[in-house]
Novice: 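Below are the structure tokens for one structure; questions will follow.
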Amino acid sequence: MTSAAVAETWAGGPSGAGSFVFMYMGTGIGCGIVLNDEVVRGTSGNAGEIGHIIVDPGGAPCDCGMRGCVKSTSIPQVLVARAVEAGVLDGPLEELTGPAIQESFSALCAAAAAGDPKAEEIIDHSAVLVARAVSTITNALDVDRVVFGGPFWTCLSQRYLERVPALVREGSATRKIHEIEVVGTGVGEDVGAIGAACLVLEHTLAPRSQRLLLEG
Ligand SMILES: [Zn+2]
């Protein structure tokens with residue numbers, strides 16, 4: 001599938017002129033970039049590698065040598081570790097593999113949904129940090145839309161959609177010129193197109209996410 005076709009799918013057809021980013025919430029956090037209907041891939045296919053955007057200066061140390069990157073503060077493994085520290089989830093944390101991370105992360109989200117204040121704080125704080133990364137990206141690229149998806153999105157969607165849109169609006173350098181829409185996959189009239197885009201992105205981004213996990 002050519003870039004243009006992919007972009008057209010993402011944008012929901014020929015009438016959907018689109019400049020937007022797709023935030024992929026997996027065991028890594030990455031983004032797909034579409035500018036004026038063209039998928040941006042970069043020289044080595046790694047455009048959208050956003051894990052080391054600093055969202056919390058002075059925050060948790062990252063394997064890149066900096067502190068407070070998206071990767072070291074906001075990916076599911078980190079939130080699960082925080083939940084264990086806070087006593088929301090039972091430990092131990094060693095040897096957490098993909099399915100175990102998903103399971104623990106679901107338990108954390110369920111605790112937040114049930115009103116556990118520590119769980120709520122962990123998820124809500126991550127929404128603030130991820131929104132900072134999104135603002136950096138949307139300000140640099142001047143997109144009009146942010147679409148969230150990926151294997152860990154469903155679990156986060158309710159709390160994130162209550163917070164991230166307003167945070168991204170506040171953080172937008174172009175807020176007086178145009179709105180930035182923040183949506184989740186499967187939400188709204190473009191559900192089919194966004195779902196198809198998700199499939200495409202799972203194929204293109206998932207291997208990278210796994211690599212990030214292994215590197216971590
Ligand atoms: Zn980093």
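In listed order, ligands and their atoms are each counted from 1.
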Novice: Is there a side-chain contact between F148 and V183 in this structure, where contact means two heavy atoms from C-beta onward sitting under 4.5 Å apart?
Specialist: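 F148 does not reach V183 side chain to side chain.
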Novice: Quick test of your reading: applying salt bridge (charged side-chain N to carboxylate O under 4.0 Å, His left out), list the pairs with at least one residue in residues 147-161, sequence neighbours left out, ordered by first then second residue.
Specialist: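 Applying salt bridge (charged side-chain N to carboxylate O under 4.0 Å, His left out) to every pair that reaches into residues 147-161, excluding sequence neighbours, yields E120-R159, D124-R159.
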Novice: With no hydrogens and no angle check, do the side chains of S19 and N36 hold a donor and an acceptor under 3.5 Å apart?
Specialist: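 Present: a donor and an acceptor within the cut-off.
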Novice: In a table with atom names and distances, give each donor-acceptor pair under 3.5 Å that connects a side chain of residues 106-116 to protein atoms at least two apart or in another chain.
Specialist:
{"unit_1": "S106", "atom_1": "OG", "unit_2": "Q102", "atom_2": "O", "d": "2.9"}
{"unit_1": "D116", "atom_1": "OD1", "unit_2": "K118", "atom_2": "N", "d": "2.9"}
{"unit_1": "D116", "atom_1": "OD1", "unit_2": "A119", "atom_2": "N", "d": "3.2"}

Novice: For atom CD of Q158, decide whether the heavy atoms of other residues, nucleotides or ligands shown that lie under 6.0 angstrom number more than 12.
Specialist: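 No, not enclosed.
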Novice: Linking Ile, Leu, Val, Met, Phe, Trp and Tyr through side-chain heavy atoms less than 4.5 Å apart, which residues share a cluster with L167?
Specialist: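 Grouped by the 4.5 Å side-chain rule, V128 form the rest of the cluster around L167.
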Novice: Protein N/O/S atoms under 2.8 Å of the Zn ion (ligand 1)?
Specialist: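 Those protein N, O or S atoms (cut-off: under 2.8 Å from the Zn ion (ligand 1)) are H52 ND1, C62 SG, C64 SG, C69 SG.
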